[in-house]
Structures are given as structure tokens and as C-alpha cells.
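Throughout, protein chains are lettered first and strands after them, A, B, ... in sequence-line order, and every chain is numbered starting at 1. Reckoned from all heavy atoms, side chains included, excluding hydrogens, waters and symmetry mates.
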Amino acid sequence: MGTKKYGKQMKLKSQINQVIKEAFSKAGIDHEPMSVTDASKAEFGDFQFNGAMALSKKLGKNPREIAADILNHLDLTGVLSKAEIAGPGFINLWLDPLWIAAQCENALKDSRLSIEKRETPVKVVVDYSGPNMAKQMHVGHLRSTIIGDTLANLLSYLGDDVIRQNHIGDWGTQFGMLIAYLEMIGEDGSVSLKDLEQFYKDAKRRFDADEAFADKAREYVVKIQSGDAHCLALWQKFIDVSLGHCEEVYDKLSVHLTRDDVRAESFYNDDLPTVVEALRAKGTLQESDGAQCVFLEGDEIPVIVQKGDGGYLYATTDLAALRYRAQKLEAGRIAYVVDARQAGHFKQVFRVAKEADFVAPEVMLEHVGFGTMMDPNGKPFKTRDGGTVKLIDLLDEAMVKAKDAIKDKESYSQQEIDALAKIIGIGAVKYADLSINRESNYIFNWDKMLSFEGNTSLYMQYAYARIQSIFRKYDGKIEGEIIIGDALEHRLSTMLLRFEDVLNRAAVDAAPNQITTYLYDLVTLFMRFYEQNPILKEGVDEKMKMSRLLLADLTAKTIKQGLALLGIQVVDKL
RNA sequence: GCACUCUUAGCUCAGCUGGAUAGAGCAUCGGUUUGCGGUACCGAAGGUCACAGGUUCGAAUCCUGUAGGGUGUACCA
């Protein structure tokens with residue numbers, strides 16, 4: 001048992017790849033080996049190397065021969081303990097239980113679970129949420145808000161320098177109407193603005209019915225744009241209140257957006273003429289039907305940056321924002337967490353920005369698109385009368401429904417129940433969204449998301465609480481080492497070590513569902529382990545008890561950390 | 001019209017850079033020495049991965065075409 005001398009080193013796959021690479025070199029194979037993959041079945045080991053088949057043609061040898069050659073030079077003294085050739089030339093790999101155990105023990109000692117921070121952080125702008133100040137946040141903002149926040153959490157955790165940007169919509173003709181109405185009502189606005197949706201409707205009704213009011217609204221649009229102090233003050237008041245509504249939602253969602261992250265549309269106002277000028281100077285600008293356009297090679301439709309009447313458009317603002325982010329913020333990666341329907345728009349804007357040198361060629365521009373939220377019938381999510389569902393109402397409903405999931409309500413105070421309901425309810429809504437492939441549409445289903453069964457936040461939270469209950473019951477010192485006793489312990493501990501790779505992969509792909517899939521697999525495995533390998537029961541050997549407690553502890557910590565990245569909390573008791 | 005995208009079990013979804021007999025959950029059926037939280041665990045059944053070609057040693061995955069759905073398509077954002 002004296003071989004646990006391995007340092008703190010993770011990135012599981014890359015370590016195994018390193019072993020393979022060394023074998024290649026010793027065997028004199030002058031090719032870069034492909035990466036190992038997770039074994040497709042437990043009986044095939046922990047990982048598998050499939051590169052022998054691919055090399056067959058290049059080396060003019062049959063794949064099993066090549067596999068044998070690699071295997072003969074494979075170092076089975078450190079990370080790996082066993083390797084076998086199977087089928088046409090697969091190499092199945094088993095990790096060394098001692099090595100696994102040592103790695104898990106190291107992870108337990110480290111507050112970051114041995115997850116390394118990137119040595120050279122990338123400055124990443126994550127643009128998400130972006131609500132329109134004229135209206136209340138509705139379900140359409142949910143996905144951007146929580147996917148974006150998760151991405152920001154994740155990248156930040158992995159060591160990137162994350163800059164959150166909330167590109168709120170605070171500019172445009174509708175604000176003339178809204179502030180004219182605000183002024184007409186004459187109060188400070190805080191009362192009537194309680195329900196922005198209603199306020200908007202009232203203003204619109206007035207606008208349509210009252211010609212004088214409509215004129216005033218139009219006049220006010222011009223006045224805000226020309227910097228009229230009175231109108232700007234009204235406008236500012238309105239934005240403040242509206243942003244306050246958003247913050248209420250962010251707070252409920254435990255989303256880390258603050259006023260410091262706000263870079264509103266209006267922030268770029270002064271830049272818009274210079275963006276157009278810069279494009280003109282580049283010679284990419286062309287007039288068409290009175291509008292200033294950029295025609296991109298191969299695209300039918302131009303990017304219009306200035307209207308015939310001289311006004312600017314959202315493409316102009318996006319270009320200004322891109323330039324600001326690339327040049328002022330010095331971002332190396334800019335991610336837009338926006339509805340997939342805007343794919344075409346971003347594709348064009350990104351191209352223009354690069355071609356105009358607003359953004360250096362090496363800067364990664366990505367549209368992190370996502371699908372639409374549907375009702376259980378597969379239709380876009382709406383209220384019964386066809387209106388949009390206010391996000392705050394949806395979240396409140398989630399908390400109400402969540403109360404049913406609490407086990408012994410009698411043993412909690414009302415306050416505790418409310419706090420629990422928030423953690424459960426909001427967690428369920430977020431998890432349901434984050435656990436499906438970002439790019440596809442998803443069907444919103446209360447019963448499913450608030451179930452204890454399947455890949456849900458409650459199943460995770462339950463597993464976590466159950467582990468905590470083991471520790472409450474044990475209530476003693478945990479001292480000892482991890483012993484990999486059986487196949488399930490082997491699989492569980494290996495799974496625990498995969499966490500870092502999963503996070504890195506999810507960060508690259510901007511895919512939160514890779515994290516949830518992992519957590520679900522981990523918890524399922526733990527539940528099986530726990531069922532089969534008693535921890536506190538009579539007759540369990542003391543050393544095994546300690547080992548299992550340690551594994552349970554690391555599992556709980558991994559669940560907690562994984563959920564934390566998704567912005568979901570855990571509780572010790574459910 | 002053109003462009004983009006999707007189609008995997010009855011339902012909801014995984015399936016990572018192509019790899020072995022395509023995986024989960026729900027629903028259905030059956031099981032678990034009073035079980036450390038049974039809101040759990042185990043098992044059975046269930047798929048021509050829309051269809052047809054192609055590339056490859058190997059395709060749900062890559063390419064082409066067909067059918068069906070969704071979305072976008074110049075002065076809204």
C-alpha cells in the first residue's frame with residue numbers, strides 16, 4: 001500500500017493519453033495518437049483506446065498487431081493497471097485502484113476538488129439575459145438568463161476572466177410613449193409601474209386613442225434622443241424601475257447579474273455614427289434604397305447599419321458592442337447567449353465585425369443559441385389567453401408547487417419552508433432547462449421537473465441530503481483512506497475523477513447539459529453503491545466504513561459543486 | 001423561392017472529436033433477508049436512430065438527395 005506517492009494531478013483523460021503517447025513513442029509509431037474515450041461498457045474497463053484500427057492503413061499492418069505493439073509498450077505501473085485487446089483492435093484500459101484512491105483522497109483535501117484553474121486565463125465576455133426595459137421579463141428571457149449565468153459561473157470557476165454583460169433594451173421609439181404616459185399620470189411611477197405589462201398596455205391604448213398624446217409621445221422620442229433633460233430624467237426614472245423588476249427576478253433565480261454588468265443599448269449611442277464612419281472608411285459601406293448597408297459575399301440580404309431616415313439599427317448597436325468588447329474590454333472570447341432564431345443575424349454581424357477589423361481575427365465570437373420553451377402540447381409557452389407568461393409569476397408558482405415536495409412540513413417554521421421551497425422550486429426550473437440540449441426546443445412540464453425520479457434537481461438534492469444524513473447519524477471523526485473494494489466502488493471513484501474533464505468539455509461547448517448528465521450518472525452510481533455497500537450497518541469493517549464515508553463525502557461535494565455551477569443550491573435536509 | 005435547423009423506444013430526452021450488442025427517465029409488468037432517509041434499488045419488455053444512397057475497416061454521428069416539422073428572410077430588437 002505504499003505506492004500512493006502521486007502528486008496532485010488531474011485531467012484524467014490527458015493523463016491516460018500521455019501514457020498512450022509514451023507507448024507510441026517506445027513502439028516507434030510515428031503518429032499522434034487519438035484521444036482515449038470512455039469505455040462504452042463497464043466490462044470493457046474504464047477507458048478505451050480505438051486508435052489502432054485507424055492506423056491500420058497508414059502502417060500497413062492489421063489493427064490487432066498494432067494494438068499488441070502498443071500494449072507491449074504500455075506502462076502499467078502508474079495510472080493504469082491493466083489493458084486488454086478486444087474485438088478488431090480495441091484496447092481496453094483499467095485504472096489502477098491505488099492510483100484512483102490516491103486521486104480521490106487528494107480531491108477531498110482540496111477545496112476545489114483538485115480542479116485546476118487555467119494557467120493562462122482568457123478574457124471572456126458573456127452576453128446574456130438582455131431584457132427589454134419596456135416590458136416585464138417573461139419566460140422568453142429565462143433560458144438566456146440561466147444558461148448565460150451558468151456559462152459565466154463555469155468559465156470563471158475554471159479560471160477564465162469572465163465579464164458579464166447585460167445588454168438591456170432601453171432605447172427605441174416605444175420609450176417616447178412610455179415616458180409621456182408616465183408624465184401624464186403624474187406620480188413618481190413606483191405604483192403604476194408595479195405591473196409594467198399593464199402600464200405598457202395602458203400607454204398603448206392611450207396612444208392609439210388620443211391623437212394629442214400620440215404626438216407628444218413621438219415628440220418625446222426625438223427629445224430623449226437629442227438629450228432633453230426633462231425627458232431624459234423621465235426616461236431614467238422609468239429604466240430604474242424596470243431594471244428593479246429584473247433584479248427581483250435575478251435575485252429569485254440566484255443569478256449573478258448586477259447593475260455593474262449592465263451595458264445597455266443606450267451605452268453605445270455615441271458610438272453608432274463612428275461605427276458607420278469606420279465602415280465607410282473601410283470602403284465596405286454601400287447605399288441601397290437610401291439605407292447604408294454592408295453586402296457580404298454570398299449573402300442575399302445586406303446588413304443595414306443606418307436607415308434611410310438616418311436612424312440606426314440593432315446591427316449597428318451590436319457592432320458597436322463587439323468593438324467595445326474586443327477593443328476596450330480586450331476580450332478573447334465573446335459569447336452571446338441568445339435565442340437560436342437570431343443565428344443569421346449574429347453570423348452576419350460577426351462577419352462584418354471581423355472584416356472591418358473591429359475584432360481581431362483570433363478573437364472567438366460565438367452565438368450560444370438555444371431553442372424555444374414549449375408547453376406540454378409542444379406549442380410555444382403562453383398563458384391561457386395567449387399572452388406571455390411573466391417570469392416572476394412562473395417562479396412564484398414554482399415555489400408554491402415545491403412546497404409539496406417537502407417531507408415533514410411540521411418540523412419546519414413557515415420561514416424555513418419558504419426558504420426550502422425557493423431552493424427546490426427554482427432549482428427545479430433551472431435544472432429542467434439546463435439539463436436538456438441547449439439547441440433544441442424543450443417542453444416545460446411541472447410534474448416532470450418537480451419529480452424525485454429521473455434526471456431532476458430534486459433527485460440530486462435528495463441524494464445530497466441523504467448523504468448528509470449519513471454524516472449526521474455517524475457523527476464522528478472520519479479518518480482513514482479510500483480502499484477500492486469492489487467494482488462499484490471502482491466505478492464510483494473513477495466517475496468522481498471525471499468531473500474536471502466534464503467541466504472543461506462543457507465550458508468549451510457551452511453546454512450545461514453535459515454537467516447535468518454527469519451529475520445524474522454520478523448520483524445513480526452512488527445510489528447503487530450505497531444500496532449494495534452498507535456504510536453504517538453493524539458488522540461493516542472499520543476501514544471499509546471510513547473508506548465508504550470518504551467516498552460519500554467526495555460524492556456529496558461533487559454534487560454540491562456541480563449544482564453550484566448551475567446556480568442551484570443544496571440542503572442538508574429535505 | 002432561398003437559407004438555417006430538427007426528426008433516436010408509446011412519451012420526454014442522452015448519445016462527447018465516427019468505434020464493440022444505440023442508452024436513461026416516465027408509463028407498463030415483475031422483484032428487493034423490518035430498508036444507514038423505500039421520494040430508493042434490481043430486473044423484464046420496448047428502437048429498421050424519418051427514408052434512400054454514398055464515404056469508411058467501422059456511421060445515430062460525416063456527405064448527397066427525398067419526405068415531414070420548426071425558424072429566419074433589408075430599413076423592429
What's the [atom1]-[atom2] distance between [X] and [N], to the nearest Å?
X        : N      : atom1 : atom2 : result
A:Arg472 : B:rC36 : CZ    : P     : 15 Å
A:Lys41  : B:rA24 : NZ    : C1'   : 15 Å
A:Arg528 : B:rG35 : CZ    : P     : 21 Å
A:Lys11  : B:rC16 : NZ    : P     : 22 Å
A:Leu488 : B:rC41 : CG    : P     : 13 Å
A:Lys58  : B:rC57 : NZ    : P     : 12 Å
A:Asp521 : B:rA24 : CG    : C1'   : 8 Å
A:Gln286 : B:rC75 : CD    : P     : 17 Å

Roughly how many Å apart are [M] and [N], using the [atom1] atom of each and rounding to a whole number?
N      : M      : atom1 : answer
B:rC26 : B:rA44 : P     : 15 Å
B:rU5  : B:rA9  : P     : 22 Å
B:rG72 : B:rU28 : C1'   : 42 Å
B:rG58 : B:rU12 : C1'   : 31 Å
B:rC62 : B:rC29 : P     : 39 Å
B:rC42 : B:rU48 : P     : 27 Å
B:rC6  : B:rA20 : C1'   : 29 Å
B:rA45 : B:rG1  : P     : 47 Å

Just checking [X]: base, sugar-phosphate only, or nothing, at a heavy-atom cut-off of under 4.0 Å?
X        : answer
A:Asn62  : nothing
A:Asn50  : base
A:Ala54  : base
A:Leu458 : nothing
A:Met527 : sugar-phosphate
A:Thr173 : nothing
A:Pro302 : base
A:Thr37  : base
A:Gln532 : nothing
A:Ile304 : base
A:Asn92  : base
A:Ala511 : nothing
A:Ala340 : nothing

Does a salt bridge link [X] with [Y], judged by any charged N lying under 4.0 Å from a carboxylate O?
X        : Y        : answer
A:Glu489 : A:Arg548 : yes
A:Asp541 : A:Lys543 : no
A:Asp433 : A:Arg143 : yes
A:Asp509 : A:Arg505 : yes
A:Arg280 : A:Glu277 : yes
A:Asp38  : A:Arg498 : yes

5′-ward residue of the pair A:Ile470/A:Ser35 relative to RNA chain B: A:Ser35

Can you tell me the base-pairing partner of [N]? Count Watson-Crick or G-U wobble geometry only, both distances below 3.5 Å, and say none if there is no partner.
N      : answer
B:rA40 : B:rU32
B:rA50 : B:rU66
B:rA3  : B:rU71
B:rU21 : none
B:rC76 : none
B:rG58 : none

Atom NZ of A:Lys545: over 12 foreign heavy atoms under 6.0 Å: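 Yes, enclosed.
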
Heavy atoms from other residues, nucleotides or ligands near NZ of A:Lys403 exceed 12 (cutoff 6.0 Å): yes

Under 3.5 Å side-chain donor-acceptor pair for A:Glu65 and A:Asn62: yes

Strand-adjacent residues in residues 308-324 of chain A, judged by heavy atoms under 4.0 Å from RNA chain B: A:Gly308, A:Tyr312, A:Leu313, A:Tyr314

Side chain to side chain donor-acceptor pair (under 3.5 Å), paired with A:Asp127, selected from A:Gln165, A:Arg263, A:Arg325, A:His367: A:Arg325

Near-parallel close stack of A:Phe90 and B:rG19 base (under 5.5 Å, under 30°): no

A:Phe44 ring over B:rA20 six-membered base ring, under 5.5 Å and 30°: yes

Pairs satisfying salt bridge (Lys or Arg N to Asp or Glu O under 4.0 Å), at least one member in residues 441-467 of chain A, at least two apart: none

What nucleotide, of [options], holds the atom closest to the side chain of [X]?
X        : options                : result
A:Lys537 : B:rG38, B:rG35, B:rG19 : B:rG35
A:Tyr459 : B:rG37, B:rA40, B:rU73 : B:rA40
A:Phe295 : B:rG19, B:rA74, B:rG37 : B:rA74

Short side-chain N/O contact to B:rC76 OP1/OP2 from A:Lys307, under 4.0 Å: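 Checking A:Lys307 against B:rC76: at least one side-chain N or O falls below 4.0 Å of OP1 or OP2.
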
Short side-chain N/O contact to B:rG38 OP1/OP2 from A:Arg466, under 4.0 Å: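 Affirmative; the distance criterion is met.
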
Summary of protein contacts for nucleotides 3-15 of chain B, nucleotide by nucleotide, where a base hit scores B, a sugar-phosphate-only hit scores S (4.0 Å, heavy atoms): ---------BSSS

Heavy-atom side-chain proximity of A:Lys135 to A:Leu196 below 4.5 angstrom: no

Plane angle bin for A:Trp235 and A:Trp171 - parallel if under 30°, tilted between 30 and 60°, otherwise perpendicular: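 Ring orientation of A:Trp171 relative to A:Trp235: perpendicular.
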
Parallel, tilted or perpendicular, as decided by the 30° and 60° cut-offs, for the rings of A:Tyr336 and A:Phe350: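 Answer is tilted, since the angle falls between 30° and 60°.
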
